[in-house]
Amino acid sequence: MTNESLTIQINDCLPGAVIESGTEWLTVLVSPSAWKPFASQLRYSPLLEFDFLFCVTGIDWKTHLSIVYHLRSTVHHHTLVVKSLLDRENPEIQTVADIWRTAEFHEREIYDLLGVNFLYHPDLRRLFMTDDHTGWPLRKDYEDPVNMIRL
């Protein structure tokens, strides 16, 4: 499927979607509240069938956090990037671990290092840091008293 055809299909799923083109993969900007229903359509629509979530990334921009999902259809051979901007003070978005099983550990990692709450996640707990650790080590405002690194 071409990027033009993919754009049409995405607009059918999410009318008024903000779609960025001009790169290898289309990028869609979606609000956290619209993410879960949109994700379900991306996965189960016969024309899209994004059956492979191969990367989830969390980014701290100092003013807000963002989550970036990379999806691929192994059936139709197209790829899509989906971004969602989150409130820095209360970063939360619904989990997609029930849609793409690979999201489970990606989301746990982002929770552990950036503090994003993935609503309804089946096992949202620290992955690398100890349970008694406070703070979110990959946030730009995190102060590490041992290593004394400031960003």
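Residues: numbered from 1 along the sequence shown.
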Rounded to the nearest 0.5 Å, how far does [atom2] of [Y] lie from [atom1] of [X]?
X: Trp136; Y: Met129; atom1: CH2; atom2: CE; value: 10.0 Å
X: Tyr69; Y: Leu53; atom1: OH; atom2: CG; value: 8.0 Å
X: Ile110; Y: Phe105; atom1: CD1; atom2: CZ; value: 13.5 Å
X: Asp12; Y: Leu47; atom1: CG; atom2: CG; value: 9.0 Å
X: Ser31; Y: Phe38; atom1: OG; atom2: CZ; value: 10.5 Å

Does a side-chain heavy-atom distance below 4.5 Å link [X] with [Y]?
X: Trp25; Y: His70; value: yes
X: Ile19; Y: Asn11; value: yes
X: Leu26; Y: Glu20; value: no
X: Val30; Y: Leu14; value: yes
X: Arg139; Y: Pro91; value: yes
X: Leu114; Y: Ile59; value: no
X: Glu109; Y: Leu138; value: no

I'd like to know if the side chain of [X] reaches the main chain of [Y], judged simply by a donor and an acceptor atom lying under 3.5 Å from each other, with no hydrogens or angles considered.
X: Arg126; Y: Asp112; result: yes
X: Ser66; Y: Ser84; result: no
X: His121; Y: Glu107; result: no

Any chain of hydrophobic side-chain contacts (each under 4.5 Å) joining Trp61 to Val81?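 Shared cluster, yes.
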Where is the tightest heavy-atom contact between [X] and [Y], given as atom of each residue plus distance?
X: Trp35; Y: Val96; answer: NE1-CG1, 3.2 Å
X: Leu86; Y: Glu92; answer: CD2-O, 3.7 Å
X: Leu48; Y: His76; answer: O-CD2, 3.4 Å
X: Ile67; Y: Gly58; answer: CD1-CA, 4.1 Å
X: Gln94; Y: Lys36; answer: OE1-CG, 3.3 Å
X: Leu113; Y: Phe128; answer: CD1-CD1, 4.3 Å

Evaluate Tyr44 against Glu49 for side chain to side chain contact (heavy atoms under 4.5 Å, CB included), listing each step before the verdict. CA-CA 6 Å; Tyr44 298 113; Glu49 280 188 86; over 6 Å; no
Going by side chain to side chain contact (heavy atoms under 4.5 Å, CB included), Tyr111 matches just one of Leu127, Thr95, Val116, Leu124. Which one?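 One option only clears the test, and that one is Leu124.
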Check the pair Thr27 / Val82 against side chain to side chain contact (heavy atoms under 4.5 Å, CB included), numbers first and verdict last. CA-CA 6 Å; Thr27 301; Val82 180; over 6 Å; no
Around atom CZ of Phe54, are there more than 12 heavy atoms of other residues, nucleotides or ligands at under 6.0 Å?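 Counting neighbours around CZ of Phe54, more than 12 heavy atoms of other residues, nucleotides or ligands fall under 6.0 Å, so yes.
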CA sep, side-chain torsions, deciding dist, call: Leu80, Leu42, side chain to side chain contact (heavy atoms under 4.5 Å, CB included): CA-CA 10 Å; Leu80 182 69; Leu42 292 174; 3.9 Å; yes
Would you please classify the geometry between the His133 ring and the Tyr142 ring as parallel, tilted or perpendicular, with 30° and 60° separating the classes?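 Plane angle between 30° and 60°, so tilted.
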With Arg43 via side chain to side chain contact (heavy atoms under 4.5 Å, CB included) - residues at least two apart: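 Arg43 satisfies side chain to side chain contact (heavy atoms under 4.5 Å, CB included) with Asp51, Ile99, Trp100 once adjacent residues are dropped.
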CA sep, side-chain torsions, deciding dist, call: Leu71, Phe52, side chain to side chain contact (heavy atoms under 4.5 Å, CB included): CA-CA 6 Å; Leu71 305 167; Phe52 180 40; over 6 Å; no
Carboxylate-amine/guanidinium proximity below 4.0 Å for Lys62 and Asp60: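 Between Asp60 and Lys62 there is no salt bridge, as every charged N stays at least 4.0 Å from the carboxylate O atoms.
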